[in-house]
Amino acid sequence: MADATLDFSETTSRADVATHSHRRRGPMRWVVLAILAVLLLGTLFPFFLALINAVKNGVDYSASGPLSIPTRIDLGSLIYFWNLSDFSRKLLNSVIISACVAVFGALLSLLNAYAIGIGKVHGSRVILVVLMLGIMVPQESIIYPLYYMAKATGLYDTQLSVILIFAVLQSAFGTYLLSSVLGSFPREIIEAAEIDGASTWQILWSVVVPVLRPTLMVLGTFFFIWTWNEFLIPLVMLVSNNNQTVSVAMGLTRGQNMSDPTLQAAASLLGILPTVIFFVIFQRTLTRGVVVGAVK
Amino acid sequence: MTSLSRLALVAAASLMLMSSTAMAQQKTFNIWWFEDPVSSEGIAWTKALDEFKSKHPDVTVNFQQKTFQQLQASGSMILNSDQAPDVLEYNKGNATAGLVSSQGLLTNLDDYVTKEGWDKILNSGDLVLSKYDDKGIYGSGHVWGISVYGEYVSCFYNIDMFDKAGLKVPTTIDEWVADMDAFKKQGITPLALGAIDTSGQHLLASLAYTKADDTWIQNYQGLKAPLDGAPYLYAAQTLVDWVGKGYISKDSTGMKDPDAALLFTSGKAPMYVSGTWNLGNFASTIKDFKWGQFVIPTPKYSVGSTGNLWVVPKGAKNPDLAAEWISLTLSPKYQTELANDGGVAIAADPATITNPVGKNAAAVFKQISDKNGLGFYPDWPVPGYYDVLNQKDTGLFQGTLTPEQFVDQIKKVYDDAQANQ
Amino acid sequence: MAAAQGALATHRRAYYLYLIPGAVGFLLIVLIPQIANFFLSFTVWKGIGLPRWAGLQNYQRLITDDQFWGSMIHTVLLIFSMTVIPVLIGLVLAALLFDYVRDQWGEQVSSFFRAGFYLPQILPVTTAGVLWGWILSPIGVVNIILKSLGLGVIAQNWIGDATYAIWAVSLMIVWIQVGYCLVVFMAGLSRIDPSLYEAAELDGAGWWQRLFSITVPMLAPEIFVVVLTTLIAALKVFAPVFVLTAGGPDNATLVPSYLTYYHFFTTQRVGYAAAIAVVQTILTIVLATIFLRFQSRQQATE
């Protein structure tokens with residue numbers, strides 16, 4: 001059995017040092033790189049399509065279709081969509097909602113996982129499975145009840161309703177992940193702190209969280225991205241244009257009978273850019289521990 | 001303090017209180033629509049809203065550009081809440097306007113119809129889709145909404161390609177087939193079609209309606225009897241025949257309307273059967289060739305209807321202002337404006353229209369509606385029929401369903417809904 | 001000693017308090033709506049007004065509904081593209097990027113590739129549907145490339161042909177899912193003690209052998225998480241089908257979530273939709289439970 005790696009954040013450097021000293025640089029590496037590059041290009045091709053069509057003139061599109069390179073760069077669709085959807089507002093709403101869900105969802109997951117993984121309360125297994133119900137539920141089946149509940153509490157057409165709903169739904173996954181990680185947290189440290197007279201609250205924030213921070217960051221990043229792309233619940237819960245998110249605004253490109261392809265491409269591009277930027281910033285957190293499970 | 005000055009104080013205080021509450025009660029008028037801002041309706045209505053605002057300087061006018069998608073999915077939920085506006089555009093038909101009116105979510109407009117004189121502007125054909133009974137079936141009952149524009153399905157054609165092939169606009173189905181054959185002989189697939197989308201079912205229905213009489217249409221749209229499949233059988237057989245002869249490509253089942261429209265606008269296909277909602281796009285993006293539209297030859301009925309409705313939610317705070325808005329969009333000034341922006345005006349005076357596209361569209365619409373030939377859309381009778389028809393169409397075009405199987409399957413869904421009303 | 005144990009016991013009770021926010025949230029957002037949905041499945045309701053009690057009518061209808069059974073079969077097929085394939089590809093890519101590429105080309109290059117492969121995950125599905133619609137259309141890129149390579153005979157109507165539509169949807173799903181698997185696996189790989197690899201290499205094990213005998217077993221926790229979450233997601237899948245094929249052609253790509261959406265919002269047969277959702281949820285719970293049992297059994301034998 002492998003030795004317990006207690007120190008979660010340092011394992012990357014160990015692996016680094018070890019492998020570099022060992023391998024030679026062979027010609028095979030070019031072949032592998034080429035294959036990967038082709039795969040990557042294939043993967044990114046749809047994005048390329050979005051890009052060329054977003055800056056394509058409508059007349060161009062009607063004459064030659066989506067696969068042609070635009071004869072000239074026309075920012076018309078982008079500007080039009082930005083103004084039409086009041087995009088800066090939608091962006092702000094999406095950021096607020098996604099960020100709040102990331103924070104609250106992670107917090108909720110942490111509290112649950114603390115009780116289950118470290119507190120090892122009775123019935124942990126059952127609780128975990130029950131909480132998992134949160135992921136298993138198809139969203140369509142809870143919308144009508146949630147709608148009536150939101151109306152009754154005056155939360156209909158508020159961002160808070162969406163934040164609360166997604167914080168709970170996302171925390172199902174978060175609890176599962178974190179409790180699995182915390183399940184293998186070294187008990188000696190906890191017990192030492194308990195003997196020192198620390199309360200569970202103090203232990204949580206001064207002992208557990210610092211170690212868990214990389215995983216929490218990853219969780220938050222996932223939650224942010226997943227919530228950003230959510231569509232059905234915001235569509236139903238957010239009525240006023242001022243409250244709506246970016247994914248709902250995409251609906252503007254498809255009318256009752258018509259859809260405008262260059263507008264769709266422009267909307268797609270604008271919809272992707274914020275998450276790409278966010279992703280680039282938080283890329284590093286995704287390298288560190290999503291250290292999932294028991295390494296006994 | 002003397003009693004007089006005390007009185008004066010009280011009087012002053014109450015005066016201030018009254019005026020402040022009066023100011024707090026300043027009116028807000030909320031209006032929504034989902035027509036595209038660059039569509040003819042969007043342009044005309046935006047101008048009308050400007051005039052409306054200047055006519056009511058004491059009212060805060062809040063407009064929200066909505067999406068069809070949102071109202072489609074959660075329209076009834078919104079109307080059932082406090083978030084509903086004073087007036088909004090809503091989809092006509094049993095499944096939408098009919099449903100919410102039968103649930104008591106709309107304001108009855110009967111009185112406004114006479115008071116504002118809408119019955120003088122709109123003929124009985126124009127008001128058919130405004131009325132819904134207690135069960136939410138159109139045609140009779142109170143007036144729950146008003147449409148101010150029209151729409152219909154026709155065949156868009158490439159005039160240059162027709163001229164080059166020496167062909168004329170067909171006046172009968174046989175002539176139409178002959179035209180298609182001529183193109184086919186030259187190696188050109190004549191008809192662009194987006195079978196996954198509306199144009200598939202609209203072509204189907206257009207053909208079916210050529211065999212429909214008054215009773216059939218009324219029964220069909222009103223869910224009054226089990227489906228008489230004969231017109232659809234004819235349409236299905238014709239379509240399968242056309243696919244066999246290569247008039248319609250088998251690839252069409254993988255295409256959506258924008259793809260098919262693209263075949264037309266890029267000059268690859270000389271014909272495309274679809275609705276007037278394409279007019280705006282075609283007018284602004286087709287520069288390489290002359291194009292026009294012809295009505296699919298039919299004894300009476302065409303696929304078409306009056307446009308979406310202005311409805312007033314039950315809890316609207318300013319129904320009078322809402323009615324005034326409706327009158328404004330029905331007024332000669334804005335009907336002409338709509339036509340001049342390329343739209344299908346429901347009641348414009350042709351003499352005042354300068355835009356040839358709008359003039360033609362209004363004339364065609366009038367031609368159809370005057371003989372009461374608006375057959376409405378094939379998916380209306382049954383909620384969800386739109387998806388059923390799309391699904392079965394693709395089976396038909398692909399050859400996995402025979403015309404008889406096709407009719408059987410759509411009949412099954414229809415009869416089921418009809419029996420379970 | 002007794003005092004310490006007493007303190008620990010109090011602490012144990014204190015841990016229950018931490019479950020309160022989660023419990024409240026779960027109750028309001030998940031449990032109550034699910035129970036409401038369960039009751040709705042026994043009614044006929046249009047979404048507004050009052051529901052009408054209808055007993056087992058919806059369930060009886062369900063049993064004879066071809067669309068429903070078809071959708072179940074399609075879901076099983078999609079498990080393949082949503083879970084199995086992305087996990088396999090994710091494993092190989094992760095090992096390749098983490099192990100080989102990082103070693104031969106450096107951390108930057110490896111991260112660059114990982115970011116690129118992850119990008120499809122951050123795209124809104126509605127957008128992906130539009131873009132893939134252009135690519136897979138009969139006049140789209142795939143067919144153009146096939147034709148120019150002289151393989152025109154293979155070119156098909158990928159989206160519009162009932163035989164191929166489900167594979168078209170599967171392709172888009174794999175494209176979206178690989179990134180998620182890749183990132184989780186790569187993170188997990190950093191946890192594995194490299195001396196294990198060195199030892200294996202000294203014993204003469206090749207790259208593939210090392211993958212199967214060391215990497216896969218060590219990544220077991222990550223693999224379990226990914227398989228479970230993608231499995232559940234496969235049973236719930238909605239958006240890719242919605243945007244690419246709308247369930248067609250002729251219901252060839254219909255899935256339960258699409259069917260419930262259709263009945264919840266289009267036909268407004270809310271009671272019937274609720275019944276379908278109940279069956280769908282029960283099925284998911286059963287499969288997830290079986291899987292979790294399997295997982296804990298595997299972990300117990302380690």
Side-chain angles (χ1 to χ4, degrees), chain A residues 2 5 11-12 15 18-19 22-23 25 29 32-33 36 40 43-44 46 49-50 66-67 108 111-112 114-115 119 121 131-138 140-142 144-146 165 168 171 173 177 194-195 200 225 229 247 250 264 268 271-272 275 279 283 286 289-294 296, chain C residues 4 7-8 11-12 14-16 18-19 21-22 25-26 29-30 33-34 36-37 47 100 103-104 113 115-117 119-120 122-124 126-127 130-132 134-135 141 183-184 187-188 190-191 193-194 198 221-222 225 229 232 236 257 260-261 264 270 274 277 280-281 284-285 288 299 302:
Chain A
T5 41
T11 48
T12 0
T19 42
H22 192 81
R23 304 269 173 72
R25 304 206 150 191
R29 66 185 192 138
V32 172
L33 189 71
L36 283 175
L40 188 65
T43 304
L44 294 181
L49 267 191
L67 302 173
L108 214 53
L111 293 176
N112 284 342
Y114 187 53
V121 293
L131 281 180
M132 288 290 279
L133 196 65
I135 317 182
M136 300 185 206
V137 152
E140 305 82 34
S141 65
I142 54 174
Y144 272 99
L146 286 177
I165 293 173
V168 172
S171 72
F173 173 78
L177 193 73
E194 279 175 343
I195 292 174
T200 50
I225 294 175
N229 290 333
S247 55
M250 289 290 288
Q264 280 180 321
S268 318
I272 306 171
T275 23
F279 176 71
Q283 230 238 89
L286 287 171
V290 179
V291 184
V292 166
K296 299 209 178 65
Chain C
L8 286 173
H11 271 145
R12 193 126 302 151
Y15 283 113
Y16 276 108
Y18 288 90
L19 288 175
F26 179 77
I29 308 288
V30 180
Q34 272 300 279
N37 187 65
Y100 191 82
D103 185 47
Q104 300 281 336
F113 273 106
F117 287 120
L119 233 41
I122 69 177
L123 190 64
T126 35
T127 311
V130 170
L131 300 173
W132 277 93
W134 287 341
I135 295 176
V141 186
V183 165
V184 176
S190 63
R191 154 170 83 67
D193 189 347
E198 289 165 29
E222 279 82 6
V225 172
T229 48
I232 293 175
K236 280 203 308 182
S257 281
T260 52
Y261 175 84
F264 269 124
V270 179
Q280 188 184 1
T281 311
T284 312
I285 294 175
Q299 286 182 328
E302 269 174 13

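Chain naming here is simple, since letters A, B, ... match the order of the sequence lines and numbering starts at 1 in each. For clarity, every value in this text was computed on a predicted model and none was experimentally measured.
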Checking A:Y144 against chain C: side chain, backbone, both or neither under 4.5 Å from a heavy atom?
side chain

Which one, A:L40, A:I142, A:V137, A:L49, leads in non-hydrogen pairs under 4.5 Å with chain C?
A:L40

Report the distance from atom CZ of C:F26 to atom CG of A:N112, rounding to the nearest 0.5 Å.
10.5 Å

Chain A contact via C:T229 - side chain, backbone, both or neither, heavy atoms under 4.5 Å:
side chain

What part of A:V32 lies closer than 4.5 angstrom to a heavy atom of chain C: side chain, backbone, both or neither?
side chain

Interatomic distance, A:T43 atom OG1 to C:L119 atom CG [nearest 0.5 angstrom]
9.5 Å

One option among C:T281, C:L123, C:V270, C:T284 has the most heavy-atom pairs under 4.5 Å with chain A, and it is C:L123

Please rank C:V30, C:T260, C:I29, C:L131 by heavy-atom pairs under 4.5 Å with chain A and give me the top one.
C:I29

Does any backbone or side-chain atom of C:L19 lie under 4.5 Å from a heavy atom of chain A? Answer side chain, backbone, both or neither.
both

Could you list the residues that satisfy side chain to side chain donor-acceptor pair (under 3.5 Å) with C:Y18, not counting sequence neighbours?
A:T200

Contacting moiety of A:L108, where chain C heavy atoms sit under 4.5 Å
side chain

Which bit of A:S171 is near chain C, if near means a heavy-atom gap under 4.5 Å: side chain, backbone, both or neither?
neither

Report the option among A:P145, A:A115, A:S268, A:P46 that has the most heavy-atom pairs separated by less than 4.5 Å from atoms of chain C.
A:P46

Among residues at least two apart in sequence or on other chains, which ones pass ring pair (Phe, Tyr, Trp, His ring centres under 6.0 Å) with A:F173?
A:W226

CD1 of A:I165 to CG of A:L146, rounded to nearest 0.5 Å, is 4.5 Å

Between atom CZ of A:R29 and atom CG of A:L36, what is the distance when rounded to the nearest 0.5 Å?
13.5 Å

Interatomic spacing from CD1 in A:I135 to NZ in C:K236 - rounded to 0.5 Å:
7.5 Å

